[in-house]
Amino acid sequence: MDFETLVATRRSTRGFKKEPVSKELMAEIIAIAKRAPSSMNTQPWNFHAISGEPLELIRAGNTERMLAGASVDREIKMSGHGYQGVHRERQIEIAVQLFEAMGIERNDKERRQDWVMRGFRQFDAPVSVVITIDRELADDTVAHFDCGAATYGLVLAATSKGLGCVINGQGIMQSSVVREHANIPEDEVIMTCVAMGWPDDEFVANHVVSRRTPIEDDVRFVGFDA
Ligand SMILES: Cc1cc2nc3c(=O)[nH]c(=O)nc-3n(C[C@H](O)[C@H](O)[C@H](O)COP(=O)(O)O)c2cc1C
C-alpha cells in the first residue's frame with residue numbers, strides 16, 4: 001500500500017475478531033514505530049504490548065472502577081474542563097457519526113452506556129500497546145510531541161500489516177489499574193494506549209469516516225506565488 005492510500009484508508013477500529021496477534025508481529029510493528037523522529041533523537045517513549053491475562057485484568061479493573069463512579073485517574077495531563085467551542089463540536093460530531101452507524105438512539109441510555117464501557121474495555125481488542133514517556137521528561141512538551149509521532153507511526157505500521165487500531169484514551173483513564181497489571185516501571189508516565197487486533201469488517205462502526213476541516217480553515221501559505 002502506498003503512503004497516501006495507507007493514510008487515507010486508515011480509520012479507528014472499534015470492533016475486533018477474537019484471533020490473537022503474535023508477539024513476532026507486534027515486535028515488527030513496534031520496530032517500525034520506533035523509527036519516528038524525536039527531538040535530538042532522545043526517543044523518550046516506551047511501548048508495553050499487553051495481551052492475554054494481564055489485559056483481561058486491566059479490562060476488569062477499568063470496568064469495575066468506572067461502574068463504581070471512580071474519578072478520572074490519568075497520568076497524562078488534560079485541561080480538566082473538557083473540550084469547548086469548535087473542539088467540543090467536533091467531539092460531538094464523531095460521537096453522532098458512530099452512534100448513527102451503530103443504530104444507537106440519542107435517548108437509549110443503556111446502549112450509550114454499553115458503548116462507553118466497551119471503550120473502557122479497549123473495545124475487547126486482543127492487544128493493547130501502552131505508550132509511556134520517561135518520567136524525567138514528563139513536563140517537557142517536546143517529549144509529548146515525540147510520543148505522538150511514535151504513536152501515529154505505530155498505528156500506521158499496524159494498519160499496513162492489516163491490523164486495525166484505535167488510540168484509546170479511555171483505556172488509560174484509570175492509569176493505576178494499567179500500571180498495576182502491566183507492571184509499568186515507576187520512572188515512566190503513562191501517556192496513552194492503542195487497542196489493536198484483526199478488524200471485524202462486520203462491525204459497522206469500523207467503516208465510519210471521520211471528517212476533517214477543509215484546508216482553508218487551518219492552513220496558511222505565506223510567501224508562495226499566487
Ligand atoms: C489521543 C487520542 C485518544 C483517543 N481516545 C479515544 C477513546 O478513548 N475512545 C475512542 O473511541 N476513540 C478514541 N480516539 C480516536 C478518535 O476518536 C479518532 O482518532 C478521531 O475521531 C478521528 O477518527 P479516525 O481515527 O477514524 O480518523 C482517540 C484518539 C486520540 C488521538
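Order of listing sets the numbers, starting from 1, for every ligand and every atom in it. In this text, all values refer to a predicted model and were calculated from it rather than measured experimentally.
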Considering heavy atoms of the protein only, find what lies nearest to [atom] and give residue, atom and distance to 0.1 Å.
atom	result
atom 25 (O) of ligand 1	Ser12 OG, 2.6 Å
atom 27 (O) of ligand 1	Ser210 OG, 2.8 Å
atom 1 (C) of ligand 1	Ile167 CG2, 3.9 Å
atom 7 (C) of ligand 1	Asn168 OD1, 3.2 Å
atom 9 (N) of ligand 1	Gln170 OE1, 2.9 Å

Handout entry: Among Thr132, Thr151, Ile172, Ile50, side chain to side chain contact (heavy atoms under 4.5 Å, CB included) partner for Cys193
Key =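 Going through Thr132, Thr151, Ile172, Ile50 one by one, the side chain to side chain contact (heavy atoms under 4.5 Å, CB included) with Cys193 is satisfied by Ile172 alone.
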
Practice task
First locate atom CG of Leu98, then atom OG of Ser210, and finally report the distance between them rounded to the nearest 0.5 Å.
Solution key: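 It comes to 9.0 Å.
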
Handout entry: Close-contact set for ligand 1 against Phe123 heavy atoms, below 4.0 Å
Key =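 Near Phe123, meaning under 4.0 Å from one of its heavy atoms, ligand 1 has 11 (O).
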
Practice task
Could you list the atoms of ligand 1 found under 4.0 angstrom from a heavy atom of Gly169?
Solution key: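 In order of number, 3 (C), 4 (C), 5 (N), 6 (C), 7 (C), 8 (O).
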
Exercise for the section: Give me the ring orientation class for Phe47 and Trp45: parallel if the planes are under 30° apart, tilted from 30 to 60°, perpendicular past 60°. Expected result: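 Because their plane-to-plane angle lies in the 30° to 60° range, the rings of Phe47 and Trp45 count as tilted.
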
Exercise for the section: Would you mind reporting whether Phe123 and Asp200 have side-chain heavy atoms less than 4.5 Å apart? Expected result: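 Side-chain contact under 4.5 Å: no.
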
Exercise for the section: Evaluate the side-chain proximity of Phe3 to Leu156: yes if any heavy-atom separation is below 4.5 Å, no if none is. Expected result: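 Yes - at least one pair of side-chain heavy atoms lies under 4.5 Å apart.
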
Problem - Residues Arg59 and Glu56 bridged, charged N to O under 4.0 Å - result: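 A salt bridge is present here (some side-chain N lies under 4.0 Å from a carboxylate O).
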
Problem - Carboxylate-amine/guanidinium contact Lys18 Asp124, below 4.0 Å - result: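 Salt bridge: no.
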
Handout entry: Under 3.5 Å donor-acceptor, Arg35 side chain and Gly153 backbone
Key =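 Absent.
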
Handout entry: Side chain Asp134, main chain Glu136, donor-acceptor under 3.5 Å
Key =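 Pair absent, no side-chain N/O of Asp134 close to backbone of Glu136.
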
Problem - Arg212 near ligand 1 by a heavy-atom separation under 4.0 Å - result: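 Yes, that is the case, since the closest heavy atom of the residue is under 4.0 Å from the ligand.
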
Practice task
Using non-hydrogen atoms of the residue, decide whether Arg10 is closer than 4.0 angstrom to ligand 1.
Solution key: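 Within the 4.0 Å threshold, so yes.
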
Practice task
Kindly identify the option in Ile94, Ile131, Val116 whose heavy atom sits closest to atom 21 (O) of ligand 1.
Solution key: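 Nearest heavy atom to atom 21 (O) of ligand 1 lies in Ile94.
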
Exercise for the section: Could you name the option among Arg14, Met78, Arg11 that has the heavy atom nearest to atom 12 (N) of ligand 1? Expected result: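 Nearest heavy atom to atom 12 (N) of ligand 1 lies in Arg14.
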
Problem - Heavy atom of protein closer than 4.0 angstrom to atom 15 (C) of ligand 1 - result: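 True for atom 15 (C) of ligand 1.
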
Exercise for the section: Tell me which part of Val166 gets within contact of ligand 1: side chain, backbone, both or neither, using heavy atoms under 4.0 Å. Expected result: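 The answer is the side chain of Val166.
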
